[in-house]
Amino acid sequence: MTSTVCVVYSYTNKPHMGRMAISPLIACVAYYCGLVLVATSTLPALCYVPNSAARQSSTATPRRSATQTYIVFVEPPPAHLQGDDAAHRRWHESFLPSSSSSSSSGHHGGGTSGGVHHSYTSVLSGFSAKLTERQLAVVSRRPGFVRAFPERRVHLMTTHTPAFLGLTQSRGGGVWDAAGYGEGVVVGVLDTGVDETHPSFADDGTVPPPPATWKGGCVPTVPCNNKLVGAASFVGDNSTADEVGHGTHTAATAAGWFVDGVSVFGLGSGTASGIAPRAHIAVYKVCDAQGCFESDLLAGMDAAVKDGVDVVSLSLGGPSTPFDKDPIAIAAFAASSKGVPVVCAGGNGGPRPSTLSNEAPWILTVAAGTTDRSFRAAVHLGDGETFAGESLTQANNAGFGSRAYPLYYSLGANYCDSFDEDANVTGKIVVCDTETPVPPPSSVDAVREAGGAGVVFVNEADFGYTIVVEKFRDDGSLPMSQVTAVDGAKIMGYAMRAGSASETRTATIVFNSTLLGVRPAPTVAAFSSRGPSAAGPGVPKPDVMAPGLNILAAWPAAVSVDNDDTTNTNNEQEYIYNVVSGTSMATPHVTGVVALVRKMHPDWSPAAIKSAIMTSSSAVDNAGHIIVDEEHKQATYYAAGAGHVVPAKAVDPGLVYDMGVRDYAGYICALLGEAALKAIAAGANASLTCAEVGLVPEAQLNYPAILVPLQSEPFTVERTVTNVGPATSRYVAKVDAPEGLTIDVDPAELRFTEVKETKTFTVSVSGGGDGTEQMKIVEGSISWVSQDHVVRSPVVADASIAATPTT
Ligand SMILES: *[C@@H]1O[C@H](CO)[C@@H](O)[C@H](O)[C@H]1NC(C)=O
Ligand SMILES: *[C@@H]1O[C@H](CO)[C@@H](O)[C@H](O)[C@H]1NC(C)=O
Ligand SMILES: *[C@@H]1O[C@H](CO)[C@@H](O)[C@H](O)[C@H]1NC(C)=O
Ligand SMILES: *[C@@H]1O[C@H](CO)[C@@H](O)[C@H](O)[C@H]1NC(C)=O
């Protein structure tokens, strides 16, 4: 399944370095989790797509004689050995055939098996090791063996965004003040490492030391400070250097310190900071330029939880996988059971349905939206029409718009990959179609080499109004504008309109720098993966939306910001920030919000924190309308989740829908059975059984959003809320149901007299849509409304839930 979609955009089957890699890279961007470096062709390694795509399925088996890294689940060691890591490792080594000596050298490279690679003791009981099939057979016969599966490679999936989310440095009041800017909270970021010298991670003396419970530390090469309190590597050496940029960008977005005068390409100027600027950051390098391997990722999770992080941020993932075979889901289950929320990118497989990654109900799954900022590069046509394009190539092109240029568009060369000898594009603005989310650098080169004066790139139709800006350093970059497919069609129509031979079609590009307050915002970004969840279709996903399009944040000085082949070229202040897009960028925004909530409510469970963020999120945009998608059509829950995060409200939700290990265990039992429970919950509590926890049907899980079959008979779900607001509170149910859907809440009023008091109610949903075939999914909401709180839960009635009962 995944391999087919993966090659759609691909011109070559070989993942390789250099420019041609743009195609497989983008295929990956579009269909796997969040490689966020949309179109950074110098970094194909994050995204080995086409020729390994088939193998990315968990069912793939290696060649018989070949070794492969397996993740092996085993029973925990005898009780007296627990808590002793060395004894734990010896226990794990005892599973291996005696020929395998302990300790290994190359993990990604070497061809021979070499003992236990990572020994996991915190988020699961087990280890990773390179084994042949024959060796695996030996391991699987040892007493205490539970199961094993081959590891997969997974993918990586701001000056302005804090303000867009309502976070400002106000004197007195304000959520940043109230939540101490996240002070004392340790944010664990599992990613490509970090540029620890970046000013976003500077310790200016105002961040206090990490909490006494903090057990992490930094590798020898990195001087830890009170801001960066952890730096560890799981990719084979002790270097946490970020050769990719992704990890520096995400860590700074979650909890970077304030840096003034930040801009990139001369644009987006302002003060940069993370969402929780006083929180501590611990970086776990689990990916390198070769990619991310699940065994390393698990080791990072294991260490993060042991070190005592307060939240884990994962801007990476693979295709949807059954939860009992998904290491991220398994490790997140254990982390969550130990009180550590796990925030994950939903993936960049949109706008196709059912493209989500990281969908387990105990994970906070993040969708990506736009911000109200536009790097405006308006296209003015000779007939007076104007289209609002975007571009980052503005710095040296300010004067470009003062005159008009002939407009060139040729159906024969519409992708601008090359131009005929007799094509005369000299001094012209060339209109180019694109098949990819961002225009390939090769097209820019072709236009420049042919003598073009400028270029207008037309978005691929799928991407609607979402424009992922392409990046080029100013030097030598052509004046450029990227426009939507709709605008592009009009521009092409004008370029090709019949007229007298003497009549020349003209255009120019007016660079308007950085516009704020653009409406509507947010909208769902086209690439943001969509539900329903393939692995657990009865729980509505994604959970929430946060800014993920064209996000400006920190970047390592040693990594190129643009799409040139050259690296290590920008040791200049201007290029230690970069604009990047993806659910990878949305994720750390939510991680930062989790840190703020955690700071204010240290005793809340991960489920309570997620509930707070979901029920307080905004269903409307900055124009007061329901949030729309990339087509500017009303976004469904499967695109936007419960809504756009609102930090100020998330810290004070009034009521929460809480859950614990036993709720999730019952859900796993109903969905996947006892064996899956044993696999998933071993790291949390190995003695849980389905008989004891009972079965929790998907719809009955105490989720903060409700998903039911669309049917004419009422379908009733039960929910329980916990009062976390004022002790004495009265809430009244407010139902918002579109025509064709009936929602009844019973009781319709809840009265609380104590904090932490719980109340249970039922929601009955019935309807047939409006009778049309298209109305397969109907959405409404219920809100519990008190004097000072609105606790909103979307209600999704989906006909496909009834049609295909989950197995
Ligand atoms: C990494 O550093 C630690 C000390 O912090 C050392 O014990 C270990 O041997 C080092 N590992 C490698 C692969 O260099
Ligand atoms: C190409 O077009 C430009 C501008 O329209 C014109 O000045 C020039 O003479 C043309 N060159 C050729 C070789 O036709
Ligand atoms: C660009 O900026 C100019 C002046 O700053 C303004 O008049 C114009 O409306 C802007 N155009 C667009 C498309 O935003
Ligand atoms: C693990 O689950 C068992 C069975 O439900 C329960 O009795 C025990 O208290 C749990 N242990 C922990 C540490 O939660």
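Both ligands and their constituent atoms are indexed starting at 1 by order of listing. Not measured: the values here are computed from a predicted model. FYI, the numbering just counts along the sequence from 1.
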So, Asp296 side chain and Cys287 main chain: donor-acceptor pair closer than 3.5 Å or not?
-> no

Cut-off 3.5 Å, side chains only: do Thr760 and Glu718 have a donor facing an acceptor?
-> no

Show the protein residues that qualify under the rule heavy atom under 4.0 Å from an atom of ligand 4, listing them in chain and number order.
-> Arg662, Asn685, Ser687, Leu688, Glu692

Taking only residues at least two apart or on different chains, which pairs with a member in residues 607-616 satisfy side chain to side chain donor-acceptor pair (under 3.5 Å)?
-> Lys610-Tyr703

Applying salt bridge (Lys or Arg N to Asp or Glu O under 4.0 Å), which residue pairs with at least one partner in residues 73-82 are found, sequence neighbours left out?
-> Glu75-Lys678

Report yes or no: does Asn358 contribute a side-chain atom to a donor-acceptor pair with the main-chain N or O of Leu364 at less than 3.5 Å?
-> no

Just distance, no hydrogens or angles: give the donor-acceptor pairs under 3.5 Å from side chains in residues 686-693, sequence neighbours left out.
residue	atom	partner	partner atom	Å
Ser687	OG	Asn685	OD1	2.7
Thr689	OG1	Glu692	N	3.2
Glu692	OE2	Arg662	NH1	3.0
Glu692	OE2	Arg662	NH2	3.1

